[in-house]
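This report concerns only the one structure given below.
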Amino acid sequence: MKIVPICSDSYGANTYLLVSLDEAFIVDPTVSVGAMLKAVEKEGASLKGILLTHGHFDHLFSLDPLRKDTGVGAYIHQKDAIMLTDGKKNAFFDFFGKERTYAPAEHLLSGGELLPLGNEKLEVIHTPGHTQGSVCYRCGDILVTGDTLFSNTYGRCDLYGGNMTQMRESLKHLSSLDGNIVIYPGHGEAEILSNALSSVDYLL
């Protein structure tokens with residue numbers, strides 16, 4: 001599977017394009033619709049769906065325009081589904097003093113699913129802590145971690161649905177994976193999993 005980072009132009013959150021054969025998923029559509037569609041076209045792929053790592057607004061910024069323009073559906077863990085339709089739970093109110101909402105997701109995840117893409121499959125790993133429904137997406141040596149794990153720290157746990165105990169357990173679970181996997185976080189740069197976990201080893 002190929003992963004293509006799409007340069008962030010909104011709130012510093014990362015958007016990724018996952019490609020296998022001629023099919024693609026967008027992960028966390030925060031950049032402009034034009035930038036995402038250009039990336040899909042460049043890869044010669046058709047967009048199959050939109051994967052969300054969690055329900056915070058900074059990872060959803062272009063969700064509804066992208067769905068409108070492409071007709072594809074969004075996937076989110078069932079425990080974060082309410083965050084799309086609640087401007088306080090998705091943290092927009094915390095930052096801007098007003099609510100912003102999004103249409104409900106077309107597909108709800110529970111963790112453990114294998115999502116087909118081209119001739120490969122993406123594993124959905126439930127990693128609560130940053131939010132109740134935070135997930136990572138893994139295929140081979142690629143792990144998209146959202147705001148669960150960054151290159152040198154973990155995601156904050158003080159917004160709606162955050163839980164430090166769950167975060168610790170999720171990080172312990174990630175530590176059981178192959179340390180040579182490359183993580184692609186929701187903010188910041190990619191990193192080798194073992195290196196990223198070394199910065200939070202006091203929690204493991």
Side-chain angles (χ1 to χ4, degrees), residues 5-18 24-40 47-113 115 122 124-137 144-150 154-164 166-167 170 184-188:
I6 305 175
C7 182
S8 176
D9 55 13
S10 176
Y11 299 109
N14 294 328
T15 295
Y16 298 105
L17 180 68
L18 298 175
F25 279 128
I26 288 285
V27 183
D28 289 353
T30 187
V31 302
S32 66
V33 171
M36 289 184 282
L37 295 183
K38 183 177 180 180
V40 173
L47 187 61
K48 186 174 181 180
I50 304 165
L51 306 180
L52 304 176
T53 60
H54 63 291
H56 283 146
F57 78 92
D58 55 329
H59 296 259
L60 313 173
F61 193 69
S62 298
L63 174 59
D64 284 353
L66 182 61
R67 286 193 282 190
K68 181 179 179 181
D69 283 6
T70 63
V72 302
Y75 295 73
I76 195 170
H77 193 278
Q78 58 189 353
K79 290 188 176 180
D80 272 14
I82 193 173
M83 297 173 73
L84 299 184
T85 58
D86 189 317
K88 292 184 178 178
K89 289 182 171 64
N90 67 35
F92 196 88
F93 185 86
D94 293 302
F95 286 85
F96 301 105
K98 57 183 180 180
E99 294 191 38
R100 179 168 185 165
T101 60
Y102 306 84
E106 289 78 8
H107 308 281
L108 299 183
L109 303 168
S110 58
E113 294 89 348
L115 305 178
L122 280 167
V124 180
I125 305 173
H126 185 206
T127 53
H130 180 61
T131 64
Q132 289 296 297
S134 287
V135 299
C136 298
Y137 297 100
V144 181
T145 55
D147 285 5
T148 296
L149 179 64
F150 305 125
Y154 59 89
R156 61 190 294 182
C157 300
D158 59 336
L159 297 173
Y160 170 80
N163 183 292
M164 191 63 229
Q166 290 180 325
M167 175 63 80
S170 291
Y184 294 85
H187 301 271

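Listed by chain and residue number, nothing satisfies the salt bridge (charged side-chain N to carboxylate O under 4.0 Å, His left out) test with Lys79 (two or more places apart in sequence, or in another chain). Remark: Tyr184 pairs with Tyr16 by the ring-ring contact (aromatic ring centres under 6.0 Å, His included) rule, at least two apart or across chains. With sequence neighbours left out, His54 forms a side chain to side chain contact (heavy atoms under 4.5 Å, CB included) with His56, His59, Asp80, His130, Thr131, Ser134, Asp147. When the side chain to side chain donor-acceptor pair (under 3.5 Å) test is applied to Thr85, no partner is found at least two apart in sequence or on another chain. A search for side chain to side chain contact (heavy atoms under 4.5 Å, CB included) contacts involving Gln166 returns Pro128, Gln132, Asn163, not counting sequence neighbours. For Lys38, there are no side chain to side chain contact (heavy atoms under 4.5 Å, CB included) partners, not counting sequence neighbours. Partners of Phe150 by ring-ring contact (aromatic ring centres under 6.0 Å, His included), not counting sequence neighbours, listed by chain and number: His187. Residues forming a side chain to side chain contact (heavy atoms under 4.5 Å, CB included) with Leu37 (at least two apart in sequence, or on another chain): Val33, Leu66, Thr70. For Thr148, the side chain to side chain donor-acceptor pair (under 3.5 Å) partners at least two apart in sequence or on another chain are Thr127. Lys48 meets the side chain to side chain donor-acceptor pair (under 3.5 Å) test with no other residue; sequence neighbours excluded. Contacts of Phe93 classified as ring-ring contact (aromatic ring centres under 6.0 Å, His included), with partners at least two apart in sequence or in another chain: none.
Scanning all heavy atoms of the two residues, the minimum distance from Ala39 to Ile6 falls at CB-CD1, 3.8 Å. Nearest heavy-atom pair, Leu52 versus Ala74, reported as atom, atom and distance to 0.1 Å: CD1-CB, 4.5 Å. Across His126 and Gly133, no two heavy atoms sit closer than the pair NE2-CA, 4.0 Å. When all heavy atoms of Asp58 and Ala13 are compared, the closest pair comes out as O-CB, 3.2 Å. Scanning both residues, Asn14 and Pro185, for their nearest heavy atoms gives ND2-O, 2.9 Å.
Annotation: side chain of Thr145 is not in contact with side chain of Thr53 (no heavy-atom distance under 4.5 Å). Between Val135 and Ile125, every side-chain heavy-atom pair lies at or beyond the 4.5 Å cut-off. A 4.5 Å side-chain heavy-atom check between Tyr160 and Ile82 finds at least one atom pair inside the cut-off. For the pair Leu17/Ile26, a side-chain contact is recorded, criterion being any heavy-atom separation below 4.5 Å from C-beta on.
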**OP:** In sequence, state the C-alpha distance, the side-chain angles, and the governing distance for Thr101 and Asp86, and then conclude on side chain to side chain contact (heavy atoms under 4.5 Å, CB included).
**Re:** CA-CA 6 Å; Thr101 60; Asp86 189 317; 5.7 Å; no
Original post:
Should Lys98 and Phe92 be marked as a side chain to side chain contact (heavy atoms under 4.5 Å, CB included) after you check the CA-CA gap, both sets of side-chain angles, and the distance that decides it?
Top reply: CA-CA 7 Å; Lys98 57 183 180 180; Phe92 196 88; 3.9 Å; yes
**OP:** Walk me through it: do Asp28 and Val144 pass the test side chain to side chain contact (heavy atoms under 4.5 Å, CB included)?
**Re:** CA-CA 10 Å; Asp28 289 353; Val144 181; 5.8 Å; no
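No close placement of the Phe25 and Tyr137 rings is indicated, their centers lying 6.0 Å or farther apart.
Here salt bridge (Lys or Arg N to Asp or Glu O under 4.0 Å) pairs that include residues 63-73, with residues two or more places apart or in two chains, are Asp64-Arg67, Arg67-Glu106.
A distance-only check finds a donor-acceptor pair linking the side chain of Asn90 to the backbone of Arg100 [under 3.5 Å].
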